[in-house]
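Notes to accompany the following structure.
Sequential numbering from 1 along the given sequence is applied to the chain's residues. On a predicted model such as this, the values are computed, not experimentally measured, just so you know.
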Amino acid sequence: MRIGIVCYPTFGGSGVLATELGKALADKGHSVHFITYQQPVRLNIFSANIYYHEVRVPTYPLFDYPPYEVALASTMVDVIKNYDLDLLHVHYAIPHASAAYMARQIIAKTGRDVPVITTLHGTDITLVGKDKTYEPVVTFSINESNAITAVSQNLKDETYRSFKINKDIEVIYNFVDVSRYNKKPFDAFRKVIAPDGEKIVVHASNFRSIKRVKDVVKIFAQINQELPCKLLMVGDGPDRPLVEDLAKQMNVHDDVRFVGKQEQIEEIMLVSDLFLLPSEYESFGLAALEAMAAKVPVISTNAGGLPEVNIQGVTGFMADIGDIDAMGDYGITLLSNEKLLQQMKQNAYEQAVKFDISNIVPVYEKLYSRFCRMDC
Ligand code: GMT
């Protein structure tokens with residue numbers, strides 16, 4: 001098949017998922033055309049089946065707000081025509097679903113239909129999409145998609161709750177390539193971070209308020225009081241300065257390392273013992289799944305789709321949003337009991353295997369084939 005993939009090219013979960021999906025489809029012989037405003041961060045390989053089309057948004061003095069969506073729809077039209085695409089798979093509703101609708105209408109004038117599949121990822125529904133400024137366009141373009149998928153049951157339910165959707169939403173869970181994590185941890189790296197064999201706690205996110213990154217530091221400080229450990233903070237974003245200040249105020253700054261945005265997340269996960277994700281909401285929590293693939297148990301909130309990924313008392317623990325004491329206590333229980341820790345590491349890995357790329361990519365292929373022309 002010739003598939004167009006539209007996503008945000010950044011470190012965010014939706015972009016990571018879309019890029020990994022495109023890479024896997026290309027490995028299986030499909031031609032995959034990424035249409036984005038920048039090379040996606042995870043698109044770090046050369047493959048004869050992968051094409052990258054950059055959306056350029058020309059500036060003009062009149063434009064206070066350059067019309068990205070128009071440029072995106074026009075690029076989609078070009079790529080559909082030039083490469084005879086069979087379908088468009090857009091990740092994140094805003095503005096990708098509406099741009100795809102526009103491209104489809106333009107192509108329809110030439111007598112062709114190009115089906116559009118929209119995958120909802122989370123904040124496009126729960127935060128941004130609900131906003132009155134966007135809601136009518138989001139509702140319309142979701143309903144106009146040939147197929148709609150959501151990355152968890154919770155996100156599907158939230159979408160029906162917040163929008164008037166008159167179509168079936170199919171749940172296709174996020175995935176992880178477990179084999180990528182199946183390598184020896186880089187011991188020298190572990191020794192630099194934790195020279196005295198301390199346990200390593202890790203968090204990865206875009207440091208936005210929805211992630212409650214301050215809670216990460218507070219939970220860590222509580223654990224660190226009972227047993228010396230180190231905290232790796234992966235990623236970057238608006239709340240980082242606040243959190244660095246908090247780490248200083250709480251006297252744990254020397255035990256916390258902010259490593260910024262990292263492409264090779266598996267190297268970090270492989271040396272870690274515990275992943276913290278105290279978010280206000282996660283539709284799924286792809287970062288937690290990536291940790292689990294590296295045999296790292298998770299302590300998270302029970303918000304959104306997290307209970308579909310992190311199983312209470314099995315792959316880690318969950319507590320209510322903001323319940324720092326409970327999450328800190330769970331951390332102490334887990335990291336001070338080697339037998340329990342080893343059991344949960346194994347459980348976390350087994351749970352990740354259920355979401356392995358080899359189980360999920362065929363589900364997308366099956367979905368595509370429902371909308372494909374006879375010759376694709
Ligand atoms: O977590 C973010 O803020 C980034 C966001 C995105 O759109 O890239 O992530 C969302 O999509 C991920 C992939 O499907 C999910 O794993 C995240 O849980 C989801 N984030 C939220 O729902 C807040």
Summary of ring-ring contact (aromatic ring centres under 6.0 Å, His included) pairs that have at least one residue in residues 232-254, sequence neighbours excluded: none

Salt bridge (charged side-chain N to carboxylate O under 4.0 Å, His left out) involving R240 - partner list, sequence neighbours excluded: D236, E244

Any donor-acceptor pair under 3.5 Å from E282 side chain to A303 backbone: no

Y92 reachable from V137 in the ILVMFWY side-chain graph, under 4.5 Å edges: no

Matching residue for Q342 among Q346, E338, K339 - test: side-chain hydrogen bond (donor to acceptor under 3.5 Å, both in side chains): E338

CD1-OG distance between I117 and S145, expressed to the nearest 0.5 angstrom: 9.0 Å

I299 with I321, same ILVMFWY side-chain cluster at under 4.5 Å: no

From CA spacing to verdict: side chain to side chain contact (heavy atoms under 4.5 Å, CB included), V138, I94: CA-CA 7 Å; V138 173; I94 305 168; 3.6 Å; yes

Donor on one side chain, acceptor on other, Q343 and N347, under 3.5 Å: yes

Validation row, ring centre Y83 to ring centre H33 under 6.0 Å: yes

Check: F140 ring centroid to Y101 ring centroid under 6.0 Å: yes

Donor-acceptor contact present, side-chain N310 to main-chain F317, <3.5 Å: yes

Between Q222 and D329: side-chain donor-acceptor atoms closer than 3.5 Å: yes

Residue pair H89 / T119, side-chain donor-acceptor N/O under 3.5 Å: yes

Y173 and F284 aromatic ring geometry - parallel, tilted or perpendicular at 30°/60° bounds: tilted

Ring geometry between F258 and F207 (parallel below 30°, tilted from 30 to 60°, perpendicular above 60°): tilted

From CA spacing to verdict: side chain to side chain contact (heavy atoms under 4.5 Å, CB included), R104, N146: CA-CA 11 Å; R104 188 173 169 212; N146 295 73; 3.2 Å; yes

Check: G122 main-chain N/O paired with D124 side-chain donor or acceptor under 3.5 Å: yes

Single-linkage hydrophobic cluster V243~V202, side-chain heavy atoms < 4.5 angstrom: no

V298-M344 co-clustered via ILVMFWY side chain contacts under 4.5 Å: no

Side-chain H-bond candidate by donor/acceptor type, E263 with N44, under 3.5 Å: yes

H96 and Y8 aromatic ring geometry - parallel, tilted or perpendicular at 30°/60° bounds: tilted

Donor-acceptor side-chain pairing of E365 and S369 below 3.5 angstrom: no

ILVMFWY cluster, L286 and I311 together (side-chain gap under 4.5 Å): no

Check: L232 main-chain N/O paired with R257 side-chain donor or acceptor under 3.5 Å: no

Main-chain N/O of S283 paired to S152 side chain as donor or acceptor, under 3.5 Å: yes

Would you tabulate the side-chain donor-acceptor contacts of residues 56-69 under 3.5 Å, counting partners in other chains and residues two or more places apart, or write 'none'?
unit_1: E69; atom_1: OE2; unit_2: S98; atom_2: OG; d: 2.8

